[in-house]
Undergrad: 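Before anything else, here's the structure in question.
By convention in this document, chain letters (A, B, ...) are assigned in the order of the sequence lines, proteins followed by strands, and residues within each chain are numbered from 1. Below, all heavy atoms of this structure are taken into account, side chains as well, without hydrogens, waters or symmetry copies. Please read all numbers here as calculations on a predicted model, not as lab measurements.
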Protein chains: 2
Amino acid sequence: MPTPDRTSLAQIVAAGTEILEAEGPSGLTMRAVADRVGVRAPSLYKRVRDRDALLSLVATAAVDELGDRLAATDGTLAGIARAYRAFARERPEGFRLLLSTSPDADSLARASAFVLRAADDLVGSAEALEAARLVTAWATGFSTMELAGAFRLQGDLEKAFEFGLARLTRALSTPD
Amino acid sequence: MPTPDRTSLAQIVAAGTEILEAEGPSGLTMRAVADRVGVRAPSLYKRVRDRDALLSLVATAAVDELGDRLAATDGTLAGIARAYRAFARERPEGFRLLLSTSPDADSLARASAFVLRAADDLVGSAEALEAARLVTAWATGFSTMELAGAFRLQGDLEKAFEFGLARLTRALSTPD
DNA sequence: ACCTGAACACCGTTCAAGT
DNA sequence: ACCTGAACACCGTTCAAGT
């Protein structure tokens, strides 16, 4: 005797995303997700293998959102870097999750492609990959440390970000 | 009637560090730590407020070890960056923990001072802080992404690291 | 075919009772 | 003064039983 579906995978991932951002990773329990979508915890296992798989899906959703934001920039390295940092500040838990969990490879590749294209425009194809990695690593580390409160020494964080961006852009646009 | 101490805070932190590196953060349970030091879990609460406090102590021990490694370099930005990455590769869980937990401020300041001094030698005191943040953010992001397996595109990671280091060093040694 | 209650093996943490 | 067993409120997950 079939039963009508009372939830869906998309609804579960959306609930997971909202709970993650509101309560942090430890608040993202199977029971909390189930509560939010209106079923009991065991029912989630019909759509998701286990909690780790749910975290991966939430991480993938975060990368997809990041990709959307990068797509909406002007396509320069500076625009991309600023959008990247803005995402980290507005979605701190999603940002941290995507660094600690492996999101879907295609979603990751899509977001990476924007950085790669911007790097290619600036330095040419021979060094595009290395240049993209330089900028991505810097923006990732800057955002990670900013979220962790690791910049304890005094000084203006905006200034530090723009300083880094200016120096990186100049370093990449000067050949050799 | 006093009882002889059966463990110590140092022993608990050391056990936590070993378990973290061997089993990951989810394996670092109060019962696992208690087992390793030879007491029952409730006894740990005589020396540590709760599991979060223990994680902070383990994170601080990791920063201290990082500080020791930075102290053993030649003091150039390149030497420091390579030692930083080596630490992340050899102590991946400790490295991740120190980014997600706030370690002791003094320990963090000590490790930061080596980077700040190297930056000062290269760019002078006016821009030393920004330059140190640029290099630290890059090394942090590079290591984070390397550990996360986020560099999925083909290409040599050693080459990407040395490319980044060379460009950063050049960008910082050229004034303006 | 999906949903549920009950159950299991784990957690972190508290606390009264021992020595 | 430290250590312990017992207990509590939580977890993730499984599974037989319902519809």
Undergrad: List for me each residue that meets side-chain contact (heavy atoms from CB on, under 4.5 Å) alongside B/V63, sequence neighbours excluded, and say none if there are none.
TA: B/L98, B/P103, B/S107, B/L108, B/A111
Undergrad: A/D52: what forms a side chain to side chain donor-acceptor pair (under 3.5 Å) with it, not counting sequence neighbours?
TA: none
Undergrad: Are OP1 or OP2 of D/dT4 and a side-chain N or O of B/S43 less than 4.0 angstrom apart?
TA: yes
Undergrad: Just jot down the side-chain contact (heavy atoms from CB on, under 4.5 Å) partners of A/A71, sequence neighbours excluded, or say none.
TA: A/R110, A/F114
Undergrad: Does anything in residues 9-18 of chain A reach DNA chain C, meaning a heavy atom under 4.0 Å, and if so which residues?
TA: none
Undergrad: What's the CZ-P distance between B/R6 and C/dT19, to the nearest Å?
TA: 12 Å
Undergrad: Closest heavy-atom contact between B/R133 and A/A160?
TA: CD-CB, 3.9 Å
Undergrad: So what is the 5' to 3' dot-bracket string for DNA chain C, if pairs are Watson-Crick or G-U wobble with both distances under 3.5 Å, crossing pairs use [ ] and | means the partner sits on another strand?
TA: ||.|||||...|||||.||
Undergrad: Does anything in residues 75-84 of chain A pair up under salt bridge (charged side-chain N to carboxylate O under 4.0 Å, His left out), and if so which pairs, sequence neighbours excluded?
TA: A/R82-A/E162
Undergrad: I'd like to check the side-chain contact (heavy atoms from CB on, under 4.5 Å) partners of A/P42; sequence neighbours left out, ordered by chain and number.
TA: A/R40
Undergrad: Starting at atom CG of A/D35, determine the distance to atom C1' of C/dT4, rounded to an integer number of angstrom.
TA: 14 Å
Undergrad: B/S100: what forms a side chain to side chain donor-acceptor pair (under 3.5 Å) with it, not counting sequence neighbours?
TA: none
Undergrad: Measuring from atom OG1 of B/T144 to atom CZ of A/R96, what distance do you get when rounded to the nearest 0.5 angstrom?
TA: 12.5 Å
Undergrad: Base, sugar-phosphate, or nothing for A/S8, non-hydrogen atoms under 4.0 angstrom?
TA: nothing
Undergrad: Kindly write out the residues that satisfy ring pair (Phe, Tyr, Trp, His ring centres under 6.0 Å) with A/Y84, not counting sequence neighbours, or none if the list is empty.
TA: A/F95
Undergrad: Applying salt bridge (Lys or Arg N to Asp or Glu O under 4.0 Å), can you list everything that pairs with A/E65, at least two apart in sequence or on another chain?
TA: A/R69, A/R91
Undergrad: Please table the atom pairs, donor to acceptor, closer than 3.5 Å between any side-chain atom in residues 26-37 of chain A and protein atoms at least two apart or in another chain.
TA:
from: A/T29; atom 1: OG1; to: A/A32; atom 2: N; distance (Å): 3.0
from: A/R36; atom 1: NH1; to: A/E18; atom 2: OE1; distance (Å): 2.4

Undergrad: Please state how far atom CG in B/D5 lies from atom P in D/dA1, giving the value in whole angstrom units.
TA: 11 Å
Undergrad: Could you tell me how far apart A/K46 (NZ) and C/dC2 (P) are, to the nearest whole angstrom?
TA: 7 Å
Undergrad: Can you give one letter per nucleotide of nucleotides 8-16 of chain C, going 5' to 3': B for a protein heavy atom under 4.0 Å from the base, S for sugar-phosphate only, - for none?
TA: ---BBBBB-
